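Working notes for the structure below.
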Amino acid sequence: MPNTKKTKKDFFDKVYEIVAKIPKGKVTTYGAIAETCGIRSAARTVGWALNSAKNTNLPCHRVVNRIGALTGKNHFGNPMLMEELLRAEGIEFTKDNFVNMSKHFWHPKRVNK
DNA sequence: AAGCTGACCTCGC
DNA sequence: GGCGAGGCCAGCT
């Protein structure tokens with residue numbers, strides 16, 4: 001691939017693009033985003049990206065881990081805020097407080113090829 | 001300045 | 001099938 005420069009910052013930028021495009025009432029996972037960015041092992045970095053995204057208007061609450069648990073709820077300031085936001089969007093939760101991934105899982109598509 | 005941590009995931013034994 | 005370690009990027013101490 002040409003790969004002119006594709007700095008690492010591009011990774012962050014892509015994460016924001018994807019997260020910003022998450023439809024209402026849908027959720028995605030860190031791994032999906034990381035994979036869409038081209039690096040599935042960078043799922044961790046995705047979390048960091050959201051950490052900064054927290055400062056932006058990105059719906060970071062729509063991003064959960066692979067099992068559908070709100071791992072980052074603690075970082076929202078109010079743990080229950082995340083659940084409230086998701087419920088307000090129509091996301092359904094299981095008895096274990098896990099998001100119903102089978103129903104609201106949204107797979108991001110590669111914006112740039 | 002260097003090293004560790006952090007909202008994870010996947011592969012290996 | 002369960003447990004362990006590795007890997008990615010950026011920010012903070």
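Sequence lines set the chain letters: A, B, ... in the order given, protein chains first and strands last, and positions in each chain run from 1. Everything numeric in this text was worked out from a predicted model, so none of it was measured.
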- Query: CD1 of A:Ile33 versus P of C:dC9: gap in Å, rounded?
  - Reply: 16 Å
- What is the minimum heavy-atom distance between A:Tyr30 and A:Ala43, and which atoms define it? CB-O, 4.1 Å
- Item | Value in whole Å for how far the C1' atom of B:dC9 lies from CG of A:Leu50 | 15 Å
- What is the distance from CZ of A:Arg66 to C1' of B:dT10, rounded to the nearest Å? 10 Å
- Query: Does A:Met101 reach the side chain of A:Arg66, with side-chain heavy atoms less than 4.5 Å apart?
  - Reply: no
- Message: Whole angstroms only, please: what is the CD1-C1' distance between A:Ile39 and B:dT10?
- Response: 14 Å
- Message: Without decimals, in angstroms, what is the distance between A:Lys54 NZ and C:dC12 P?
- Response: 10 Å
- Message: If we check side-chain contact (heavy atoms from CB on, under 4.5 Å) with A:Lys73, which of these qualifies: A:Met80, A:Glu83, A:Met82?
- Response: A:Met82
- Message: Once salt bridge (charged side-chain N to carboxylate O under 4.0 Å, His left out) is applied, do any residues pair with A:Lys54, and if so which ones, sequence neighbours excluded?
- Response: none
- Least distance between heavy atoms, A:His61 atom then A:Leu86 atom: O-CD2, 3.2 Å
- Apply side chain to side chain donor-acceptor pair (under 3.5 Å) to A:Arg40 and list each qualifying residue two or more places apart in sequence or on a separate chain. none
Please list, pair by pair, any protein nitrogen or oxygen found under 3.5 Å from a nitrogen or oxygen in nucleotides 3-7 of chain C.
from	atom 1	to	atom 2	distance (Å)
C:dG7	N2	A:Ser41	O	3.0

- In short, A:Ala69 meets A:Val64 closest at the heavy-atom pair O-CB, 3.8 Å
- A:Phe12 CZ to C:dC9 P: how many Å, rounded? 11 Å
- Query: For atom C1', what is the distance between B:dA7 and C:dC3, given to the nearest Å?
  - Reply: 23 Å
- Round to the nearest Å and state the distance from A:Asp13 atom CG to C:dA10 atom C1'. 14 Å
- Euclidean distance for P, B:dC4 against C:dG6 (whole angstrom): 13 Å
- Query: Rounded to whole angstroms, how far apart are OH on A:Tyr16 and C1' on B:dA7?
  - Reply: 13 Å
- Message: Tell me whether the side-chain N/O atoms of A:Thr71 come closer than 4.0 Å to OP1 or OP2 in B:dC8.
- Response: yes
